[in-house]
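In what follows, chains are A, B, ... by sequence order, proteins preceding strands, each numbered from 1.
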Protein chains: 2
Amino acid sequence: MNHNVYHSIAEKLPTMSKSHKKIAKFILENTNTVPFFTVAKMAKKAEVSEATVVRFAVQLGYSGYPELQQHMQNSVQQQLTTVERLQMSSQVYEGKEQGIYDIFQDDIENIKTTMGKLDISAFNNAVNAILNAKKVYISANRSAASLGVFLQYYLNIVLENTELIRSVEELPEQLYKLDSRDVVFGISFARYSSSTVKTMAFAKKQGAKTIVLTDNLLSPLVPNSDIVLTAASQVPTFIDSFAAPLSLINALVTHVGKERINDVDCHLEKMEEIWEQLGIFYQKGHEESNES
Amino acid sequence: MNHNVYHSIAEKLPTMSKSHKKIAKFILENTNTVPFFTVAKMAKKAEVSEATVVRFAVQLGYSGYPELQQHMQNSVQQQLTTVERLQMSSQVYEGKEQGIYDIFQDDIENIKTTMGKLDISAFNNAVNAILNAKKVYISANRSAASLGVFLQYYLNIVLENTELIRSVEELPEQLYKLDSRDVVFGISFARYSSSTVKTMAFAKKQGAKTIVLTDNLLSPLVPNSDIVLTAASQVPTFIDSFAAPLSLINALVTHVGKERINDVDCHLEKMEEIWEQLGIFYQKGHEESNES
DNA sequence: TGTATAATGAAATAAAAATTTCATAAATTT
DNA sequence: AAATTTATGAAATTTTTATTTCATTATACA
């Protein structure tokens with residue numbers, strides 16, 4: 001168990017006193033700044049006395065505050081060296097860790113590539129098309145379904161008119177009344193799902209506005225689309241990496257949301273009420289209520 | 001005016017005395033550790049006296065060593081808190097394009113942060129737990145459902161024993177026979193879904209191995225989990241950004257897959273056949289076959 | 001509800017860190 | 001090379017920071 005400072009704090013959190021919890025919480029929420037704090041500053045920020053801060057450190061098993069601080073500082077230093085090492089990259093790593101970090105590194109590259117190749121006018125067209133749509137249908141299958149779920153969830157919060165199509169089978173019922181005021185958004189990446197390809201072809205034929213998110217312009221989705229967005233998804237393994245496409249979807253949803261800022265605020269408030277009534281989101285304080 | 005401490009040190013280096021050069025050089029070569037040093041440590045490391053270290057700080061224009069230290073610490077914090085700064089400052093984006101790129105940039109930062117903070121042993125434990133599981137259940141709701149869908153899709157290709165639980169309602173039927181050889185994988189981020197929290201609490205009580213992917217150690221999922229993985233998801237908008245968590249899931253699936261390399265190959269071959277028969281994936285040449 | 005126990009903060013004390021002093025040793029100038 | 005200036009380190013001093021004490025408040029227990 002290579003428990004670092006923060007893990008051990010988090011672990012002991014439940015058994016801590018009120019003030020100690022305040023300190024623990026503050027530390028865990030500010031891991032980047034806290035290692036620099038003196039006892040006095042820590043006490044002030046966490047709204048407890050200096051004595052309590054010292055007792056906190058001792059209770060965690062350290063000889064005093066300086067020792068706790070030392071451990072937190074090491075954590076920051078490690079963090080930086082890890083990132084730096086990776087930035088420099090090219091260095092050969094030993095063992096398993098290499099592979100883990102490589103995947104993150106690949107995703108960063110994918111996002112950079114996506115950013116670099118982004119067609120801003122296509123992006124803006126997509127935002128406008130979505131904003132003006134009567135209804136937005138999203139077609140995404142297989143692994144890309146995850147992207148579809150994400151896009152649908154947030155677009156629906158903003159627009160309240162978004163639906164997810166999971167396969168061609170359920171397509172006809174949903175889409176037979178499709179017209180030019182609707183938008184169909186297709187998402188598919190290499191080993192393109194034939195279901196999504198067919199859906200887009202159908203949508204196009206019906207005269208709907210079609211947007212696709214895919215990996216490149218050779219994708220079979222392209223011929224049937226009015227607006228093409230591309231995102232990099234290459235990693236040298238058997239899976240697709242969707243970090244970059246997801247980031248692009250983030251940007252898309254954010255910009256649609258920005259245009260609809262007032263509507264969204266209003267809608268979010270309504271949603272808040274409903275969520276609260278249904279207990280959709282976890283609330284502090286209710287935590288131990290159903291335990292012995 | 002963007003002169004930070006290190007720039008001004010580098011600038012004045014040529015005019016410095018012997019001992020001061022020693023200090024300056026040491027600082028510039030150890031920007032990550034030096035901000036934590038006391039005068040004494042600094043003196044020892046740079047092989048000069050404490051008095052000289054103090055004089056060095058004064059000569060640079062600071063009131064004393066603590067002020068120099070303060071500036072160096074700010075530098076470290078800035079490195080780490082691009083994301084936080086954005087949240088604080090809530091600067092209004094000017095040009096639209098900048099806003100688009102900022103989102104990608106934030107996601108890159110999120111991935112870097114996630115990478116830096118990754119607990120490798122927790123990661124390896126998660127991989128092993130999944131590999132040894134009789135069955136893997138994934139609990140993910142709301143926006144995090146997208147991550148759940150992705151994880152389930154790929155884990156199922158590798159292991160053939162993965163199921164997605166979408167809400168507590170369908171929980172009892174799936175989980176009543178849960179035992180210690182099963183793994184339950186919970187995914188939830190700020191505004192934690194109470195459904196997922198409850199599911200994890202139940203799983204833990206039943207004695208299953210629990211893994212969670214969440215944003216930090218204060219998450220309500222943590223108390224009910226054996227293995228905790230954290231990923232950054234902060235962007236200064238109304239949505240959660242899942243690029244970093246997704247990247248972490250990529251890494252996880254890849255590593256599980258690597259361990260099962262032979263099984264996976266074999267399984268993928270079988271899947272290929274099935275996919276081909278069902279026409280799941282798009283094939284060149286067949287594209288217009290069922291059109292016009 | 002009263003009692004025992006634990007937790008807390010203000011202030012005193014101890015410890016550590018930074019700064020200054022001063023004698024000495026390098027440079028620099030003539 | 002001698003005189004002057006400048007830089008340096010050991011030790012003393014000052015300042016800052018951490019810890020302990022003790023009276024008070026909050027919490028748990030019976």
Side-chain angles (χ1 to χ4, degrees), chain A residues 5 8-9 11-28 30 33-77 284-285 287-289 291-292, chain B residues 5 8-9 11-27 30 33-77:
Chain A
V5 211
S8 88
I9 291 174
E11 211 166 66
K12 287 163 191 162
L13 192 84
T15 68
M16 283 179 186
S17 73
K18 224 172 177 179
S19 302
H20 283 202
K21 267 182 187 161
K22 265 172 148 182
I23 300 171
K25 234 185 130 184
F26 187 84
I27 290 177
L28 293 176
N30 298 278
T33 51
V34 148
F36 299 103
F37 285 12
T38 61
V39 171
K41 197 166 183 186
M42 184 77 227
K44 202 173 166 191
K45 289 278 185 176
E47 295 177 307
V48 298
S49 73
E50 302 189 8
T52 303
V53 172
V54 173
R55 290 191 199 105
F56 177 85
V58 173
Q59 201 137 317
L60 281 172
Y62 299 103
S63 66
Y65 182 78
E67 198 177 306
L68 166 62
Q69 192 183 37
Q70 182 70 46
H71 281 254
M72 298 193 296
Q73 291 181 353
N74 289 341
S75 215
V76 172
Q77 288 174 20
K284 302 185 263 190
E287 49 208 300
E288 253 83 45
S289 61
E291 292 291 307
S292 60
Chain B
V5 213
S8 88
I9 292 174
E11 211 166 65
K12 287 164 191 161
L13 193 90
T15 69
M16 284 179 184
S17 75
K18 221 172 176 180
S19 303
H20 283 203
K21 269 182 186 161
K22 264 171 148 181
I23 300 171
K25 238 185 126 183
F26 186 83
I27 290 178
N30 299 277
T33 50
V34 149
F36 299 104
F37 285 11
T38 62
V39 171
K41 197 165 181 186
M42 183 79 227
K44 202 175 165 190
K45 289 278 185 175
E47 296 180 304
V48 298
S49 72
E50 301 190 10
T52 303
V53 172
V54 174
R55 290 188 199 105
F56 176 85
V58 172
Q59 202 136 317
L60 280 173
Y62 299 104
S63 67
Y65 182 79
E67 198 178 304
L68 165 62
Q69 192 183 36
Q70 181 71 46
H71 281 256
M72 297 193 296
Q73 291 182 353
N74 288 342
S75 213
V76 173
Q77 288 175 20

Atom-to-atom span, [atom1] of [X] to [atom2] of [N] - whole angstrom:
| X | N | atom1 | atom2 | answer |
| --- | --- | --- | --- | --- |
| Tyr62(B) | dA18(C) | OH | C1' | 17 Å |
| Lys41(A) | dA18(D) | NZ | C1' | 17 Å |
| Tyr65(A) | dA16(C) | OH | P | 16 Å |
| Met16(B) | dT8(D) | CE | C1' | 16 Å |
| Phe37(A) | dT16(D) | CZ | C1' | 17 Å |
| Lys44(B) | dA17(C) | NZ | P | 12 Å |
| Phe56(B) | dG9(D) | CZ | P | 14 Å |

What residues, two or more places apart in sequence or in another chain, satisfy side chain to side chain contact (heavy atoms under 4.5 Å, CB included) together with Gln59(A)?
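If we apply the side chain to side chain contact (heavy atoms under 4.5 Å, CB included) test to Gln59(A), skipping adjacent residues, the hits are His20(A).
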
Under the side-chain hydrogen bond (donor to acceptor under 3.5 Å, both in side chains) test, residues paired with Thr15(A) that sit two or more places apart:
none

Taking all atoms of both residues into account, what is the closest heavy-atom pair of Lys12(A) and Leu60(A), and its distance?
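For Lys12(A) versus Leu60(A), the nearest heavy atoms are NZ-O, 3.5 Å.
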
How close do Gly64(A) and Val58(A) get, counting heavy atoms only, and between which atoms?
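Result for this residue pair: CA-CG2, 4.4 Å.
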
Taking ring pair (Phe, Tyr, Trp, His ring centres under 6.0 Å) as the test, write out the residues that go with Tyr65(B), two or more places apart.
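Tyr65(B) satisfies ring pair (Phe, Tyr, Trp, His ring centres under 6.0 Å) with no residue once adjacent residues are dropped.
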
Nearest 0.5 Å please: distance from the CD atom of Gln73(B) over to the CD atom of Gln73(A).
7.5 Å

Measure the CE-CZ distance between Met16(B) and Phe56(B) for me, rounded to the nearest 0.5 Å.
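Rounded to the nearest 0.5 Å, the CE-CZ separation comes out at 4.0 Å.
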
Reading 5' to 3' through nucleotides 5-12 of chain C, protein heavy-atom contacts under 4.0 Å coded B for base, S for sugar-phosphate only, - for none:
--SBBB--

If an axis is fit to five pairs at each end of the helix from dT1(C)-dA30(D) to dT30(C)-dA1(D), what is the angle between the two, to the nearest 10°?
30°

Sequence neighbours excluded - side-chain hydrogen bond (donor to acceptor under 3.5 Å, both in side chains) pairs with any residue from residues 41-50 of chain A:
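Non-adjacent pairs meeting side-chain hydrogen bond (donor to acceptor under 3.5 Å, both in side chains): Ser49(A)-Thr52(A).
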
